[in-house]
Amino acid sequence: MNLNEFLRQPMAPWRKVLCEVLDYLIVLFTILGTQSIYNNTSEREFHILPICAALLALHFVLFPDVLKWTHFKRLLYVAVPWTVYILIYAMVAGGDRFKLIEKFVVVLLLYAAYFYGHYLRGTIKDVFRYYVNVILLIALISIFFWITASTLKWFRASAPWYIYWGKDRRVWSFYGLYFHWQNDFFIHGHRFYRNIGIFCEAPMYSLHLTTALMLDLLLNTRKSRFRWFRVIWLAGTVLTTFSITGYLFVMVLFVVDIYASLFVRYRSEDPEIKAQAKKWLIAVTGLGIVLGGVAFSLVADKLASRSGGSRMEDYNNGYKGWRDNVFFGAGFGDIEARQRYASWRRLHRSESGFTNSPMAVLCEGGIWFFLCYYVPFMYDIIVTMNRKDWRATFCILLFVFIFVTTTMEHSCLMLAFLALSLAGFMAEDYKADSQLLGRPLRVPEYHPHGGYEEYVEEEAV
């Protein structure tokens, strides 16, 4: 049996189960590779990135949809220019070349092939669902430990762990399922631990919670009571992180979701539905103004704090560091370019820490490397706007907000997002194919009520 005949065969039940298990493992290690305790511990090595790469490669071998020449050729058209572009940066700018190639060539292109395969099978939305489910499980566990151990102190930590996060830190582990160390939040004189789950600090946990919430609200069309439980639980978990960025994100996200639904009703041809939607739009606009006032107050308080001062200084230091090497930057992973402008207070607070991604990328890679981020972001925004897929557009814009306000530039989640954009570009013209893997092509259509319809596999003719 040749490859084309193999790809035309219906997927056996055991292969579907294996595919789902692999998907969950890939999602899990993507999460662990994005600012988790396991990926930053200084006393042991969990090999998160190599394991993630191995899982992606295994998926590529076991489900070789992309190896069909028509699809593999498209992959090469993207992979070769991308690799050459990164290698030029590596040769000119220097820095940690091995880590650069490992992450931005090997792992990123494996992610691109992985997502492209899901695009071809029409199952890309399942990957988002798996991510939401894994984050929900982490949130369920973390709330239990945050209430019982961090807040009520019903039992003690099982062991200390040591991580390097800006500087050497000791965190307390609860059986490796939950950690805490940030007890810098006060309410009426009472000190509280911030819920960090399995991540290095609360903003990093908030990053995952808000991303999962965004995917669930804006791209998920499976309406169920459990879905709303999931949304409420994720939003409630964000509250326990005491992260101002997370609070702002959740407020914006809920307003955007309500507006998106009401605008669809407002465009209805039914006059009664349109009139009701208009009334609700006015009410939600008022709510948005109130939340805007709350957001302004939160931002003002944040900027007045030590953390807010550090954030503002990081943008300033990053700009000065980039100005020294505008086009190619100081080299991949080189943080000295921005450190030389940091105040002693900033260095005392965190020797190597940083609080935003854009300036970190510009410092180490200049305009050349920054385009690796800018072009995929802009491509996705333009494509979704041309399709009038407003929920997807808002989803990307909110992810840009996360990118601008947190440090995640080299994380697995960032690599996955860039690869997803490349895979979407490769899949853009496959509508022209008359058949896909032996089946009539079925592209998920966008529904005005939000998100994409379920992929329904059709019988081969």
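Atoms considered below: every heavy atom in the structure, side chains included; atoms not considered: hydrogens, waters and symmetry mates.
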Val231 vs Phe254, side chain to side chain contact (heavy atoms under 4.5 Å, CB included): CA-CA, chis, key distance, verdict: CA-CA 10 Å; Val231 167; Phe254 277 113; 3.9 Å; yes
Scan for side chain to side chain donor-acceptor pair (under 3.5 Å) pairs involving residues 400-415, sequence neighbours excluded, and state none if there are none. Ser357-Glu409, Glu364-His410, Thr407-Glu409
Less than 4.5 Å apart, side chain to side chain, heavy atoms only: is that true for Tyr114 and Leu55? no
Determine whether the aromatic ring centres of residues Tyr85 and Trp368 are separated by less than 6.0 angstrom. yes
In Å, rounded to the nearest 0.5 Å, how long is the span from CD1 of Ile143 to CD1 of Ile141? 11.5 Å
Between Phe199, Phe29, Phe46, which is the residue that forms a ring pair (Phe, Tyr, Trp, His ring centres under 6.0 Å) with Tyr38? Phe46
Before we go on, tell me: are the rings of Phe377 and Phe403 under 6.0 Å apart, centre to centre? yes
Residue Phe155 excluded, over 12 heavy atoms near CZ under 6.0 Å: yes
Does either side chain, that of Tyr178 or that of Ser150, offer a donor lying less than 3.5 Å from an acceptor on the other one? yes
Using side-chain heavy atoms (C-beta onward) and a distance below 4.5 Å, is Ser243 in contact with Arg194? yes
Distance from Ile48 atom CD1 to Thr41 atom OG1, nearest 0.5 Å? 10.5 Å
Does some side-chain heavy atom of Leu413 sit less than 4.5 Å from a side-chain heavy atom of Leu207? yes
My understanding is that only residues two or more places apart in sequence, or in another chain, count here; which of them pass side-chain hydrogen bond (donor to acceptor under 3.5 Å, both in side chains) with Tyr162? none
If you take all heavy atoms of Leu209 and Val238, which pair is closest and at what distance? CB-CG2, 3.7 Å
Is the backbone N or O of Gly321 less than 3.5 Å from a side-chain atom of Arg338, with the two atoms forming a donor-acceptor pair by type? no
Please report the interatomic distance CZ(Phe354) to CZ(Arg311), rounded to the nearest 0.5 Å. 11.0 Å
Might you point out which heavy atoms bring Thr34 and Cys412 nearest each other, and give the distance in Å? OG1-N, 3.6 Å
Taking the six-membered ring for Trp, are Phe425 and Tyr379 parallel (under 30°), tilted (30 to 60°) or perpendicular (over 60°)? perpendicular
Could you check whether the rings of Trp69 and Phe72 sit parallel, tilted or perpendicular, using 30° and 60° as the cut-offs? tilted
About how many Å separate CG of Leu109 and CH2 of Trp82, when rounded to the nearest 0.5 Å? 8.0 Å
Contact between Lys103 and Leu415 at the side-chain level, heavy atoms closer than 4.5 Å - yes or no? yes
Any side chain to side chain donor-acceptor pair (under 3.5 Å) pairs touching residues 138-147, not counting sequence neighbours? Ser142-Asn195, Ser142-Tyr205
Walk me through it: do Glu43 and Trp161 pass the test side chain to side chain contact (heavy atoms under 4.5 Å, CB included)? CA-CA 8 Å; Glu43 55 184 5; Trp161 283 36; 4.0 Å; yes
Axial cation check for Tyr116 ring with Arg74, 6.0 Å and 45° limits: no
Between Tyr130 and Glu20, the two heavy atoms sitting closest are OH-CG, 3.5 Å
Would you call the rings of Phe417 and Phe399 parallel, tilted or perpendicular, taking 30° and 60° as the class edges? parallel
The criterion is ring pair (Phe, Tyr, Trp, His ring centres under 6.0 Å); which residues satisfy it with Phe128, sequence neighbours excluded? none
If we only count heavy atoms from C-beta on, is the Phe249 to Leu213 side-chain gap below 4.5 Å? no
Gap between atom CG of Leu67 and atom CG of Leu75 - 0.5 Å precision: 9.0 Å
To check you understand the geometry: which heavy-atom pair defines the closest contact between Ile31 and Ser36, and what is its length? O-CB, 4.3 Å
What pair of heavy atoms forms the shortest contact from Tyr247 to Leu239, and how long is it? OH-O, 2.7 Å
If you compare all heavy atoms of Glu45 against all heavy atoms of His47, which two are closest, and at what distance to 0.1 Å? OE2-N, 2.9 Å
For side chain to side chain contact (heavy atoms under 4.5 Å, CB included), just list the numbers for Ile367 and Trp322, CA-CA rounded to whole Å, side-chain angles, deciding distance to a tenth of an Å, and then say yes or no. CA-CA 9 Å; Ile367 295 174; Trp322 168 53; 4.0 Å; yes
Please state whether the rings of Phe369 and Tyr373 are parallel, tilted or perpendicular, taking 30° and 60° as the class boundaries. perpendicular
Is it the case that more than 12 heavy atoms not belonging to Arg44 sit under 6.0 Å from its CZ atom? yes
If I take atom CG from residue Asp126 and atom NE2 from residue His118, how far apart are they, to the nearest 0.5 angstrom? 7.5 Å
Applying ring pair (Phe, Tyr, Trp, His ring centres under 6.0 Å), can you list everything that pairs with Phe229, at least two apart in sequence or on another chain? Phe226, Trp233
Qualifying residues under side-chain hydrogen bond (donor to acceptor under 3.5 Å, both in side chains), relative to Asp380, sequence neighbours excluded: Ser421
Chi angles and distances behind the ring pair (Phe, Tyr, Trp, His ring centres under 6.0 Å) call for Tyr89, Phe104: CA-CA 11 Å; Tyr89 165 62; Phe104 282 84; 8.7 Å; no
